[in-house]
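Not measured: the values here are computed from a predicted model.
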Amino acid sequence: MTKIQKTEQEWRTELDPEQYRVLRQKGTEAPFTGEYDHVFEPGTYVCAGCGTELFESDTKYDSGCGWPAFYASKGDGAVEEETDVSYGMIRTEVLCANCGGHLGHVFPDGPAPTGQRYCINSAALKLDEK
């Protein structure tokens, strides 16, 4: 997959300020404030920056962490992971594989069958309801 290449001005024009802060500046929304934290409608969660399919609603669960949580990504290289050492912590950052947008982080404390908890900012997502 060829990554989307846009200037920062193009991103600023296409995204609202919160989406830009999260996706392009690696920001984090405050816990329990995001639009999708407690939404469990059927559908597919796509990247708010480029529309790439990232997560299915049937992998979403209430982790109590304050952000939408999924136990698996869509697969087929939808997301990429990088080591994040910001704020004095070592975490695994989750990025959209198509546009490089910051989505959130993944932790090894999720439910079966994967044991993963993809903790994702609502501002980085859009739900395409079924």
Side-chain angles (χ1 to χ4, degrees):
M1 178 183 309
T2 302
K3 286 193 179 188
I4 292 175
Q5 300 292 319
K6 294 183 182 182
T7 66
E8 288 308 304
Q9 185 56 45
E10 288 172 316
W11 285 117
R12 282 185 191 277
T13 301
E14 293 176 17
L15 302 171
D16 71 34
E18 180 70 352
Q19 289 171 326
Y20 182 82
R21 187 181 72 78
V22 169
L23 286 164
R24 307 316 309 169
Q25 296 180 317
K26 299 181 185 274
T28 300
E29 61 200 12
F32 305 104
T33 63
E35 175 182 3
Y36 298 119
D37 185 25
H38 286 96
V39 170
F40 294 94
E41 302 303 320
T44 301
Y45 288 86
V46 302
C47 177
C50 70
T52 296
E53 294 184 353
L54 302 171
F55 302 95
E56 291 294 340
S57 61
D58 60 0
T59 67
K60 189 173 189 293
Y61 69 102
D62 187 1
S63 71
C65 70
W67 293 273
F70 304 84
Y71 63 78
S73 67
K74 180 85 166 136
D76 299 328
V79 300
E80 293 179 344
E81 298 178 4
E82 291 184 0
T83 300
D84 176 2
V85 294
S86 62
Y87 303 106
M89 297 179 275
I90 299 173
R91 301 176 290 172
T92 303
E93 180 183 8
V94 180
L95 305 156
C96 173
N98 193 35
C99 71
H102 170 78
L103 303 174
H105 293 86
V106 62
F107 302 95
D109 60 2
T114 66
Q116 299 296 302
R117 173 173 54 98
Y118 288 87
C119 189
I120 307 297
N121 291 284
S122 287
L125 301 172
K126 287 186 182 177
L127 174 59
D128 285 345
E129 292 187 37
K130 289 185 179 175

Residue from Glu18, His102, Glu35 passing side chain to side chain contact (heavy atoms under 4.5 Å, CB included) with Asn121: His102
Contact check, side chains of Lys3 and Cys96, non-hydrogen atoms, under 4.5 Å: no
Test log, rule side chain to side chain contact (heavy atoms under 4.5 Å, CB included), inputs Ser57 and Glu129: CA-CA 9 Å; Ser57 61; Glu129 292 187 37; over 6 Å; no
More than 12 heavy atoms from other groups under 6.0 Å of NZ on Lys26: yes
Side-chain touch Pro31/Trp67, heavy atoms, less than 4.5 angstrom: yes
Shortest non-hydrogen contact from Glu8 toward Tyr20: OE1-OH, 2.6 Å
Residue pair Ala123 / Leu23: nearest heavy atoms and the distance that separates them: O-CD1, 4.4 Å
Whether Glu53 side chain and Lys74 backbone form a donor-acceptor pair below 3.5 Å: no
Contact summary for Gly43 and Glu56, nearest pair of heavy atoms: O-OE1, 3.3 Å
Within-4.5 Å side-chain heavy-atom neighbours: Thr52 and Leu54: yes
Leu15-Leu125 co-clustered via ILVMFWY side chain contacts under 4.5 Å: yes
Test side chain to side chain contact (heavy atoms under 4.5 Å, CB included) applied to Thr92 and His105, step by step: CA-CA 5 Å; Thr92 303; His105 293 86; 5.9 Å; no
Smallest separation among heavy atoms of Cys99 and Trp11, with atom names: CB-CH2, 3.7 Å
Sole candidate of Tyr45, Tyr36, Phe40, Phe107 that passes ring-ring contact (aromatic ring centres under 6.0 Å, His included) when paired with Phe70: Tyr45
Within-4.5 Å side-chain heavy-atom neighbours: Tyr118 and Leu103: no
